[in-house]
Amino acid sequence: MKVSLSVFRKRIEWISLTAIGVLFVIVILMFWERRGYSVDYGLESYVDIMDRWTYEDGRKADLSSLRHEAGEVTVCYMIPDMEGNTTLSYRSHNMYTKVFLEDELIYETDNTYSDRPPGTRWNLVTLKPEQAGQMLRIQIKAAYSGDSPDLDNIYWGDRAAIVLSLIRQKMWAVLICVTICLCGIFMIILDIAINYKKKGKNHGIRWLGAYALCIGGWSLIETNILQLLIKDTQILQPVNNILLILSVMPMLLYADCTYGIFKYLPARLLGMLQLLFLIICIVLPMAKVVDWHELLPVARIFMAICAVGFIVLSIWRNRFLFVRKENRTTSAYLQMTGIVILCVTAVLELLRYNISGAMDRAMLLRFGLLVFIICFALSSMLQTYILITQGMEYNSVHKLAYSDALTQVGNRVAFLEGLKECVDEHIQNLGIVYLDVNNLKKVNDVHGHEQGDILIRTAANVIRDSFGPHGRVYRIGGDEFCVLLDHDPIDRYAQAVIEFKNRIKSVNESGNYIFKLQIAHGFACCEADSMETVDDAVKTADEKMYRNKIQLKKES
């Protein structure tokens, strides 16, 4: 069955929210499972010994180029004299390490978390003064086949000094990450405030906020500061991967809210593939078939497609920025500024990572992401403000164009658009109530048109008060009304008719009117798969109303 664009968007959003919710529940369960695990650090001063290592054959080891080595690698270090207990501290990424003192194994990477690799972590080995002069060996093996060993930040000394030094180095990076996350939270709250009880909602700011939270959390973990500050470092690996995987769908939904990309078949296919991938990212890791790190290559492909597509689309939409004066809006300038800075920092980050193989994959990129998110957030808020301002003017015009001046219910134009909307959304059960006010011509001829208007307003009030809570009410002719019920129409109609008859009885018994109120009605139900089907249902309701009209006249 054909699915409308609005229905497709709603399904994409709801399935995405469900998948995101499940993955965050998984993160919470992982934290719960790992409660109590901790790593004990303890030092007071330190020196960098990255350049003091050798291979087993005596050659000098260049630890910065280990990533070019294949298979298992062993590096050696002769322990110098020590005044007291001293700690060897080094950072590893997706690798298993074993530390030997001569031939005795004294430390190995903890791998207690669901048999999954340890991710990025700090390793600490405490040595005693009497062990000076002995050979220390680190055996390094990549956790994933095809990966190269990756080891850096090898220090000899005190953990406290290491932490303080790293915090000083990464202070601005951490502040940027926290700012990105706070921007995301602010945008989500702002979206709730803007769209609360608002028709025609646009959740672009919400999805940009969700993207900011994912990217901000990912880049914060990439600073490797959290690995020094929390007790259980192994949990950060899956969280880092999950945040990166989750970041794709919010960007797709933001692009749709901003540029309407789901109007195009390729974008809709990409959205469905991404949903399928999210489901795979829930099922396979939980079944322990693969872990999230092994799914990252696929996530990066989606990210690359979305990033390139979004950038190209943004540039295309703003291509006349410097040519046509009417396109030189603040919103367009903000978008182009964010795109340019993001592209520049992304290229520089790619070059830096390929040259140095640094473990922090977002050192430069996080600045570009912050500027990008702020620029597009400001652009979205500016556009939203303009739409709200225009909407206030539009509402006044819309009310005149789509409301019946005498009764204040929808007019015939609104009714026809309501029918079209039901067809576009393929409402499975659409109820149509056709109503006709009896004796309008008689009241006009005998008592004048003023009393005729009172009759119509009174009838409209009865219909609106009885059927209005269950559907949309329209005046489609002089004495004709129609109601559309698009959810459980049969039950709603049955409830409304009881109230409808009671209100008519109350009006007639009040003695406030010189006329007797009679309103004939008929009901029909259909599946709104085409306008022809809906038109047939309207005719059926009209025929039933006519039969009821005859019956009411006989009773009176």
Side-chain angles (χ1 to χ4, degrees), residues 12 15-16 19-20 22-23 26 67 93-94 116-117 119-120 142-148 150 207-208 210-219 221-222 237-256 258-259 261-262 264-287 289-316 339 342-354 357-362 364-366 368-369 372-373:
I12 284 281
I15 298 174
S16 299
I20 289 170
V22 171
L23 284 171
I26 290 172
R67 60 198 298 262
H93 177 65
N94 286 335
R116 293 193 175 103
T120 301
Y144 297 98
S145 60
D147 280 6
S148 300
D150 215 352
W207 293 116
L208 185 60
Y211 174 75
L213 277 177
C214 291
I215 288 296
W218 168 77
S219 59
I221 295 174
E222 284 293 317
Q237 165 78 348
V239 173
N240 179 286
N241 296 336
I242 286 173
L243 288 174
L244 205 57
I245 289 168
L246 285 178
S247 66
V248 179
M249 185 53 79
M251 180 49 67
L252 262 179
L253 292 167
Y254 173 70
D256 180 60
T258 306
Y259 300 127
I261 63 170
F262 286 151
Y264 309 107
L265 181 60
R268 297 174 79 163
L269 291 175
L270 182 63
M272 288 186 285
L273 287 174
Q274 175 60 18
L275 283 179
L276 178 62
F277 179 62
L278 281 177
I279 294 170
I280 290 172
C281 289
I282 294 171
V283 175
L284 295 188
M286 289 297 96
V289 176
V290 296
D291 65 23
W292 287 285
H293 179 84
E294 293 171 293
L295 293 169
L296 280 183
V298 181
R300 290 191 183 105
I301 293 173
F302 278 111
M303 291 174 67
I305 294 173
C306 292
V308 171
F310 185 82
I311 290 170
V312 170
L313 190 57
S314 297
I315 294 173
W316 176 257
I339 288 292
L342 179 63
C343 289
V344 170
T345 54
V347 170
L348 292 175
E349 189 65 69
L350 187 62
L351 292 173
R352 183 186 73 89
Y353 182 71
N354 287 333
M359 293 189 196
D360 182 356
R361 296 168 290 178
L364 301 174
L365 185 60
R366 62 174 56 92
L369 286 167
F372 169 80
I373 288 168

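Since the model is a prediction, treat every value here as computed from it, not as a measurement. Along the sequence shown, the residues carry numbers beginning at 1.
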Give, for atom [atom1] of [X] and atom [atom2] of [Y], the distance between the pair rounded to the nearest 0.5 Å.
X	Y	atom1	atom2	answer
I215	L244	CD1	CG	6.0 Å
S247	I242	OG	CD1	12.5 Å
R300	I305	CZ	CD1	14.5 Å
L246	N241	CG	CG	11.0 Å
L253	Y211	CG	OH	13.5 Å
L278	L273	CG	CG	11.5 Å

Minimum heavy-atom separation for [X] and [Y], please, with both atom names.
X	Y	answer
F262	A267	CE2-O, 3.5 Å
L208	I373	CD2-O, 3.9 Å
V248	C306	CG1-SG, 3.6 Å
S219	G216	OG-O, 3.1 Å
G217	L243	C-CD1, 3.5 Å

* **Any side-chain heavy-atom pair of V289 and V283 under 4.5 Å** => no
* Hey, does F302 have a side-chain heavy atom less than 4.5 Å from the side chain of L270? -> yes
* To do: Could you give me the CA-CA distance, side-chain angles and deciding distance for F277 and I245, then say whether side-chain contact (heavy atoms from CB on, under 4.5 Å) is met?
  => CA-CA 9 Å; F277 179 62; I245 289 168; 3.9 Å; yes
